[in-house]
Amino acid sequence: MTTIQGPAVFLAQFIGDEGPFDSLAGICAWAKGLGFQGVQLPTNDPRFIDLQKAAESQAYADEIRGVVNAAGLEITELSTHLQGQLVAVNPAYDQLFDGFAPEAYRNNPKARQQWAVQQLKYAAKASQNLGLKAHATFSGALLWPMLYPWPQRPAGLVEDGFAELGRRWLPILNAFDGCGVDLCYEIHPGEDLHDGVTYELFLNQVQQHPRACLLYDPSHFVLQCLDYLEYIDIYHERIKMFHVKDAEFNPTGRQGVYGGYQSWLNRAGRFRSLGDGQVDFKAIFSKLTQYDFPGWAVLEWECALKNAEDGAREGAQFIKDHIIRVTDKAFDDFAATAPNPTLNHSLLGI
């Protein structure tokens with residue numbers, strides 16, 4: 001068995017325009033001071049990493065890793081959540097998602113998609129140059145506006161949507177394979193990969209690609225009323241990344257899963273700081289340890305109530321307290337019997 005690495009923190013929710021949150025060195029010093037051992041880097045802000053440069057220059061990648069290491073931390077993974085979203089966008093969301101791309105690619109869905117695909121390919125090489133084994137992203141979505149079958153979906157629509165999604169992602173997966181990096185999709189509402197069934201539909205379209213792996217985040221399953229523990233039993237061989245994020249779901253007579261168009265504060269399902277929600281993290285850490293999860297436990301902080309810095313400080317200790325240092329011997333070894341074939345045969349009557 002393997003002891004899960006951590007605690008680590010996804011920096012996306014903490015980046016800002018004031019120190020220490022406006023530079024890589026500053027935010028790493030802050031994270032180290034809270035007790036984190038690793039940082040997961042978003043790649044859409046050049047103040048923290050120039051993704052293309054990290055892909056094309058080993059010296060620059062070494063420089064980025066050196067800044068993080070100087071703070072006493074490791075880079076756990078890179079993230080292209082925003083760029084991955086743009087690999088597949090339904091026209092209904094074109095204007096809303098244009099903000100995820102540089103201004104030069106806005107109002108031009110084809111050019112925006114080509115830019116996003118290139119970003120993912122840069123991420124594969126950058127991850128290799130940084131010595132990383134896994135990468136986080138979103139799948140994007142062509143079918144999300146058709147989630148609820150009313151009006152009735154035309155026959156073949158879902159099949160066509162996943163066929164196109166697979167066509168777009170297969171070359172990217174091959175690029176990651178060439179760099180020896182697992183591409184981990186965060187299974188998330190708003191993405192065509194939002195539960196186990198949709199993930200399997202996607203796998204069928206990418207020929208069960210060995211690099212089409214999973215980022216496990218139980219908070220999104222609480223909000224879907226999905227069994228997040230059985231999910232680990234089913235997909236543990238594909239789970240290569242882990243976001244430690246809490247959530248709660250408190251339906252009422254007025255609202256349920258869909259949330260009534262309410263703010264995060266007023267939704268029945270909402271994200272919470274670690275320990276403030278309903279996720280059974282003791283069971284999750286036990287299952288991931290049992291299945292020899294190879295990666296990091298990474299805090300993704302989101303909460304409608306608590307201050308971010310309090311959530312980060314508490315989250316570091318929460319993860320540390322839940323990591324199971326694996327045993328190197330069986331608890332009942334004290335009563336073990338030495339190998340004895342003669343005794344075994346006698347006990348079996350053979």
Side-chain angles (χ1 to χ4, degrees), residues 1-8 37-38 74 76-77 128 131-136 173 176-187 193 195-219 221-222 225-246 274-275 278-298 317-350:
M1 293 187 296
T2 302
T3 298
I4 295 172
Q5 300 175 82
Q37 297 178 13
E74 299 289 337
T76 65
E77 303 95 2
Q128 182 184 42
L132 307 177
K133 300 298 183 184
H135 179 80
L173 287 163
F176 273 85
D177 192 35
C179 292
V181 179
D182 291 323
L183 183 54
C184 301
Y185 296 96
E186 181 169 359
I187 304 302
L193 275 60
D195 59 13
V197 172
T198 52
Y199 173 60
E200 292 174 16
L201 290 172
F202 178 71
L203 282 181
N204 290 338
Q205 294 300 326
V206 294
Q207 302 161 26
Q208 305 295 317
H209 202 291
R211 297 295 181 181
C213 295
L214 293 167
L215 188 167
Y216 176 72
D217 182 338
S219 68
F221 301 150
V222 169
C225 302
L226 185 151
D227 188 333
Y228 55 83
L229 294 177
E230 186 181 20
Y231 181 97
I232 299 175
D233 291 328
I234 297 169
Y235 299 113
H236 59 90
E237 292 180 351
R238 292 276 187 170
I239 295 173
K240 305 295 183 180
M241 291 179 63
F242 176 25
H243 271 178
V244 190
K245 190 168 75 172
D246 212 341
L274 288 184
Q278 298 168 348
V279 176
D280 185 352
F281 282 106
K282 285 187 177 181
I284 287 173
F285 274 85
S286 293
K287 278 190 177 289
L288 289 175
T289 301
Q290 172 189 340
Y291 287 123
D292 214 24
F293 170 68
W296 288 79
V298 180
Q317 188 62 47
F318 185 93
I319 293 173
K320 184 178 180 181
D321 290 343
H322 280 78
I323 289 176
I324 298 169
R325 187 161 65 95
V326 300
T327 182
D328 58 359
K329 61 182 180 180
F331 62 85
D332 55 355
D333 278 351
F334 74 94
T337 301
N340 186 330
T342 299
L343 175 61
N344 290 346
H345 290 179
S346 175
L347 292 171
L348 295 170
I350 58 175

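Starting from 1, each residue takes its place in the sequence as its number.
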What is the minimum heavy-atom distance between [X] and [Y], and which atoms define it?
| X | Y | value |
| --- | --- | --- |
| Gly178 | Gln128 | O-NE2, 4.3 Å |
| Pro294 | Lys240 | CG-CD, 4.4 Å |
| Asp177 | His209 | CB-CE1, 3.9 Å |

Quick one: does [X]'s side chain get under 4.5 Å of [Y]'s, heavy atoms only?
| X | Y | value |
| --- | --- | --- |
| Ile324 | Thr3 | no |
| Glu77 | Leu215 | no |
| Phe293 | Ile232 | no |
| Pro218 | Lys245 | no |
| Asp233 | Tyr291 | yes |
| Thr76 | Met241 | no |
| Leu214 | Tyr216 | no |
| Arg238 | Asp182 | no |

For this session: Would you please test Lys282 and Asp280 for side chain to side chain contact (heavy atoms under 4.5 Å, CB included) and show each step?
Result: CA-CA 6 Å; Lys282 285 187 177 181; Asp280 185 352; 3.8 Å; yes

If I take atom [atom1] from residue [X] and atom [atom2] from residue [Y], how far apart are they, to the nearest 0.5 angstrom?
| X | Y | atom1 | atom2 | value |
| --- | --- | --- | --- | --- |
| Ile284 | Ile4 | CD1 | CD1 | 10.0 Å |
| Ile239 | Ile234 | CD1 | CD1 | 10.0 Å |
| Leu288 | Phe285 | CG | CZ | 7.5 Å |
| Leu193 | Glu186 | CG | CD | 11.5 Å |
| Leu226 | Ile187 | CG | CD1 | 10.5 Å |
| Ile350 | His345 | CD1 | NE2 | 4.5 Å |

Exercise. Looking only at atom types and distance, does a side-chain atom of Asp246 sit under 3.5 Å from a main-chain N or O of Gln278, one as donor and one as acceptor?
Worked result: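 Answer holds: yes.
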
Exercise. Does the Asp217 side chain pair with the main chain of Ser219, one donor and one acceptor, at a distance under 3.5 Å?
Worked result: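 Side chain of Asp217 to backbone of Ser219: a pair is present.
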
Exercise. For Tyr235, which residues count as a ring-ring contact (aromatic ring centres under 6.0 Å, His included) partner, sequence neighbours excluded?
Worked result: Tyr199, Tyr231

For this session: Please name all residues satisfying ring-ring contact (aromatic ring centres under 6.0 Å, His included) with Tyr185, sequence neighbours left out, ordered by chain then number.
Result: Trp169, Phe202

Problem set entry | side-chain contact (heavy atoms from CB on, under 4.5 Å) partners for Asn340, two or more places apart | Thr342, Leu343

Problem set entry | Step-by-step side chain to side chain contact (heavy atoms under 4.5 Å, CB included) determination, Asp292 to His236 | CA-CA 9 Å; Asp292 214 24; His236 59 90; over 6 Å; no

Problem set entry | Over 12 foreign heavy atoms within 6.0 Å of CD, Gln208 |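 Yes, because the 6.0 Å sphere around CD of Gln208 holds more than 12 heavy atoms from other groups.
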
